[in-house]
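Side-chain atoms are counted along with the backbone in the values below, which use heavy atoms only and exclude waters and symmetry mates. Count residues from 1 along the sequence.
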Amino acid sequence: MTATIPKYKKLLADFGLFYAAAIWGATFFLVKDALAGIDPVILVGYRFLAAGLIMLVVLLILGRPVFAGWRQGLTLAVILWLLYIPQTIGLGYTTASNSGFITGLFVIFVPIFLRIIFKRRPSVMEWAAAVVALIGLWVLTGGLTDINLGDILTLMAAVTYALHLLYADKYLKAGFDPLVLSCQQFLVIGLLSLAVGWAFDLDFEIHTATALWTTLFLTLFPTLTAFVIQMWAQKITTPVKVSLIFAFEPVFAGLFAWTLGDEPFVLYRAMGGLFVFAALVISGLPSPRRRSTT
């Protein structure tokens, strides 16, 4: 399938995935600050429901079948909900660097699940790239310090991150509409989060201006634009390559911290970013051929 895709579309998909990684990389410190003024489950509910309603209007204008492939959309929504709820709650207990590294562990789960669940054998270079990316993430974020409840919750997010990426790849390569699947996921995640908030009597109020503006930012950019771009791009590129580009999230988080956040430049973190970049290059190299025994 990939052989028939024009080169410019592949490049456009890669640039779109880098955009998504950059936007998501900017959210770790934003979400952590916003949690002082809004419940984490309610934050997830508001951002996804608002994005879903916007997408619903777009689909109705375009005349797209909103309920087409709803089983696949529901599956992806539940997996994605099990990613964002633990990760968002976990940020209230752990550091942004711990959350960034643990979430980045999905790069090693992708080839594992690809082999175990989907019966597809990743190439030698894809395995090598995943390991190099993992080393880079460790160097970049400083690894784990003082493991706590937030880290355990974030590890669950890393597992579901890999599963969502692979199941999205499966459904999109089968021909399902990325816009429709995105809308379905957003609406289900938003409604499910708010239902949980109602069932557990959570606080629905947004208490600070920071939390309000962060919710709006998360709705429009990391949710609405970045996820839609991801779904479109996954029709074109491989899941391992997607995971390696998304490993740049903490790299972009570091860049934003050094520039917009006025944090001092740290050499070893920059070296970690170079490892992640090297992993992306390695993934594109041909695997060594086995020597013939005949």
Drop me the distance from [X]'s [atom1] to [Y]'s [atom2], to the nearest 0.5 angstrom.
{"X": "His164", "Y": "Gln185", "atom1": "NE2", "atom2": "CD", "value": "3.5 Å"}
{"X": "Leu244", "Y": "Leu17", "atom1": "CG", "atom2": "CG", "value": "11.0 Å"}
{"X": "Phe67", "Y": "Cys183", "atom1": "CZ", "atom2": "SG", "value": "9.0 Å"}
{"X": "Leu153", "Y": "Leu91", "atom1": "CG", "atom2": "CG", "value": "10.5 Å"}
{"X": "Leu59", "Y": "Ile54", "atom1": "CG", "atom2": "CD1", "value": "12.0 Å"}
{"X": "Gln184", "Y": "Phe176", "atom1": "CD", "atom2": "CZ", "value": "9.5 Å"}

Point to revise | Minimum side-chain heavy-atom gap Pro222-Phe227 below 4.5 Å | key: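 No. Closest side-chain heavy atoms not under 4.5 Å.
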
**Study point:** Phe186 vs Leu224 side-chain heavy atoms within contact, under 4.5 Å
**Key:** yes

Which heavy atom of [X] sits nearest a heavy atom of [Y], and at what distance?
{"X": "Pro178", "Y": "Trp232", "answer": "CB-N, 3.9 Å"}
{"X": "Thr219", "Y": "Ala51", "answer": "CG2-N, 3.7 Å"}
{"X": "Leu166", "Y": "Phe118", "answer": "CB-CE1, 3.5 Å"}
{"X": "Ile117", "Y": "Leu163", "answer": "CD1-CD2, 3.7 Å"}
{"X": "Ser243", "Y": "Val240", "answer": "OG-O, 2.6 Å"}
{"X": "Leu105", "Y": "Ala158", "answer": "CB-CB, 4.3 Å"}

Check your understanding: When you look at CZ of Phe15, are more than 12 heavy atoms from neighbouring residues, nucleotides or ligands closer to it than 6.0 Å?
Key ->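 Atom CZ in Phe15 is not packed in, count stays at 12 or less.
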
Check your understanding: If you draw a 6.0 Å radius around OH in Tyr19, do more than 12 non-hydrogen atoms from other residues or ligands fall strictly inside?
Key ->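 Yes.
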
Review point. Would you say the side-chain atoms of Thr103 and Gln87 include a donor-acceptor pair closer than 3.5 Å?
Key: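 Yes - a donor-acceptor pair under 3.5 Å links their side chains.
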
Show me the donor-acceptor pairs, under 3.5 Å and distance only, between side chains in residues 75-85 and residues at least two apart or in other chains.
unit_1 : atom_1 : unit_2 : atom_2 : d
Thr75  : OG1    : Arg71  : O      : 3.0
Trp81  : NE1    : Ser193 : OG     : 2.9

**Study point:** Option among Leu137, Val131, Leu165 that satisfies the side chain to side chain contact (heavy atoms under 4.5 Å, CB included) test with Val107
**Key:** Leu137

Check your understanding: Tell me, which pairs form a side chain to side chain donor-acceptor pair (under 3.5 Å) where one or both residues lie in residues 197-210, sequence neighbours left out?
Key -> Asp203-His207

Exercise for review: Would you please indicate yes or no on a ring centroid separation below 6.0 angstrom for Phe246 and Trp24?
Suggested key: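 They qualify: ring centres under 6.0 Å apart.
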
Point to revise | Exam field: side chain Thr160 to backbone Met156, donor-acceptor pair closer than 3.5 Å | key: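 Side chain of Thr160 to backbone of Met156: a pair is present.
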
**Study point:** Side-chain donor/acceptor of Lys173 to backbone N/O of Gln234, under 3.5 Å
**Key:**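 Judged by distance alone, yes, a pair lies under 3.5 Å.
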
Would a single hydrophobic cluster contain both [Y] and [X], if residues Ile, Leu, Val, Met, Phe, Trp and Tyr are joined by side-chain heavy-atom contacts under 4.5 Å?
{"X": "Val159", "Y": "Ile152", "answer": "no"}
{"X": "Tyr8", "Y": "Ile236", "answer": "no"}
{"X": "Leu179", "Y": "Leu60", "answer": "yes"}
{"X": "Leu149", "Y": "Leu35", "answer": "yes"}

Review point. Apart from Val57 itself, what residues make up its hydrophobic cluster when side-chain heavy atoms of I, L, V, M, F, W and Y under 4.5 Å apart count as a link, directly or indirectly?
Key: Ile61

Just distance, no hydrogens or angles: give the donor-acceptor pairs under 3.5 Å from side chains in residues 108-116, sequence neighbours left out.
none

Review point. For residues 49-69, which residue pairs qualify under salt bridge (charged side-chain N to carboxylate O under 4.0 Å, His left out), counting only residues two or more places apart or in two chains?
Key: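 Output for this query lists Arg64-Asp177.
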
Which donor-acceptor pairs under 3.5 Å do side chains of residues 39-50 form with protein atoms, sequence neighbours excluded?
unit_1 : atom_1 : unit_2 : atom_2 : d
Asp39  : OD2    : Val41  : N      : 2.9
Asp39  : OD2    : Ile42  : N      : 3.4
Tyr46  : OH     : Phe204 : O      : 2.6
Arg47  : NE     : Thr223 : OG1    : 2.8
Arg47  : NH2    : Thr223 : OG1    : 2.9

